[in-house]
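Scroll down for the structure; my scribbles are underneath it.
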Amino acid sequence: MTNNIPVELEVLAPRSESLRFLKHGWPDPLCRWHSHKECEIHLLVASHGKAFVGDYIGDFGPGSLFLTGPHLPHNWITDDAYSDPVGLRDMVIQFDQDRLLTLMQAFPEFNSLMAMLEQAQSGIEFVGIDPEHVQALIEASFDASGTAQVMPFLELLLHMSRHAEKRSLSVQKLYHNERSAKQLRITEVVDHVVKNYAEDMSVQMAADMAGMSPATFSRSFQTVTGNRFVEFVNRVRIGQACGMLYATDDQVTTICFQVGFQNLANFNRHFLAKKGMTPSAYRETARRELTRADLAMAVETAQ
DNA sequence: ATGGACACCTCTTACGCGCA
DNA sequence: TGCGCGTAAGAGGTGTCCAT
């Protein structure tokens with residue numbers, strides 16, 4: 001999907017090590033809306049706030065664990081209620097996905113990681129994972145060097161891949177890996193929704209496009225995408241509205257109609273349900289974040 | 001701009017069936 | 001056995017109006 005949100009690109013210097021470790025507190029100039037080609041394991045150790053991954057916004061707290069794929073923009077903003085600085089808020093491991101793919105080619109035993117890497121294209125939250133074990137593995141990898149650094153990291157990846165509840169976050173690339181004839185027809189509909197979200201979208205129209213009855217389409221769509229059709233359409237529209245709220249000064253009413261909603265009350269209702277805040281509150285929050293990114297860049301430039 | 005109330009309508013889902 | 005269809009009931013989404 002297209003997204004108008006300006007994203008800061010983080011370029012990581014080439015290194016002899018395959019892993020990059022970061023620990024930071026809050027506030028920290030490194031905490032900003034950005035993307036990079038590396039995958040990122042992100043463990044929140046302290047504080048509560050909002051997670052921004054692609055077009056997703058959700059809550060995080062101590063023990064929240066996320067995995068973001070290549071070039072997926074992200075940030076974690078601690079709530080304003082936490083006015084006191086936090087010494088250690090985040091533990092981060094960044095790694096090159098291509099290295100893992102090479103590993104899987106050499107050792108098929110690691111192929112179980114493939115599904116998780118594909119799901120990470122849209123971001124994953126590992127709901128209910130044991131944070132102490134995760135933190136211990138990150139610490140073990142962080143404190144080691146050479147090959148000893150890699151083993152706890154691989155154990156962590158395998159532990160994450162085996163975790164049952166992996167919640168996909170952004171609508172981006174949700175339909176990435178569908179291949180059967182039925183899945184391809186559903187994927188065509190998904191593409192159409194993503195590209196034409198502002199147009200009228202009914203199950204009847206979508207079913208016609210997929211060559212199915214509405215009831216069959218409804219079942220197939222949920223099987224393939226994990227979403228109900230109406231929920232998916234609204235999610236795409238809300239995601240696009242987020243970008244417009246962030247990047248333009250258009251009125252909420254204008255954006256509501258631009259993304260395909262037929263009335264403002266319905267738009268507000270869905271926006272609040274999906275984002276946990278009103279459109280105007282979202283705009284305020286998102287722009288405060290942009291200001292933080294600008295300040296961080298200004299600090300780095302001055303140094 | 002936001003959110004509540006309400007009536008209406010669309011969509012989802014379960015079930016049974018036929019077809020390949 | 002798997003897939004798709006038709007039907008019907010209930011759930012949930014939508015549009016409108018209005019108050020704040």
Starting at atom CZ of A:Phe217, determine the distance to atom P of B:dT13, rounded to an integer number of angstrom.
13 Å

Whole angstrom value for the distance that separates P of C:dT16 from CZ of A:Phe261
15 Å

Without decimals, in angstroms, what is the distance between A:Asn268 CG and B:dG4 C1'?
12 Å

Ion pair check, A:Glu139 and A:Lys23, cut-off under 4.0 Å:
yes

Could you tell me whether the side chain of A:Ser141 and the main chain of A:Leu137 form a donor-acceptor pair under 3.5 Å?
no

Between atom CZ in A:Phe257 and atom C1' in C:dG15, what is the gap in whole Å?
11 Å

Pull out every protein N or O sitting under 3.5 Å from an N or O of nucleotides 6-10 of chain C, one pair per line with the distance.
none

Can you confirm whether A:His42 sits close enough to A:Thr68 that some side-chain heavy atom of one is under 4.5 Å from a side-chain heavy atom of the other?
no

So which protein N/O to nucleotides 17-20 of chain B N/O distances come out below 3.5 Å?
none

Can you label the angle between the A:His133 ring and the A:His159 ring as parallel, tilted or perpendicular, going by 30° and 60°?
perpendicular

Among C:dG13, B:dT12, B:dT2, the nucleotide that comes nearest once only the side chain of A:Asn234 is considered:
C:dG13

Could you tell me the separation between the CZ atom of A:Phe267 and the P atom of B:dT2, rounded to a whole number of Å?
8 Å

Output the rounded distance in Å from CZ (A:Arg237) to C1' (C:dT14).
12 Å

Can you tell me how far the CZ atom of A:Phe126 sits from the OG atom of A:Ser64, to the nearest 0.5 Å?
12.0 Å

Is the A:Phe229-A:Phe217 ring centre distance short of 6.0 angstrom?
yes

I'd like to check A:Glu40 versus A:Leu67 (side-chain heavy atoms, cut-off strictly below 4.5 Å). Are they in contact?
no

Just by modelled atom types, is the A:Val259 backbone N or O under 3.5 Å from a matching donor or acceptor in the A:Arg237 side chain?
yes

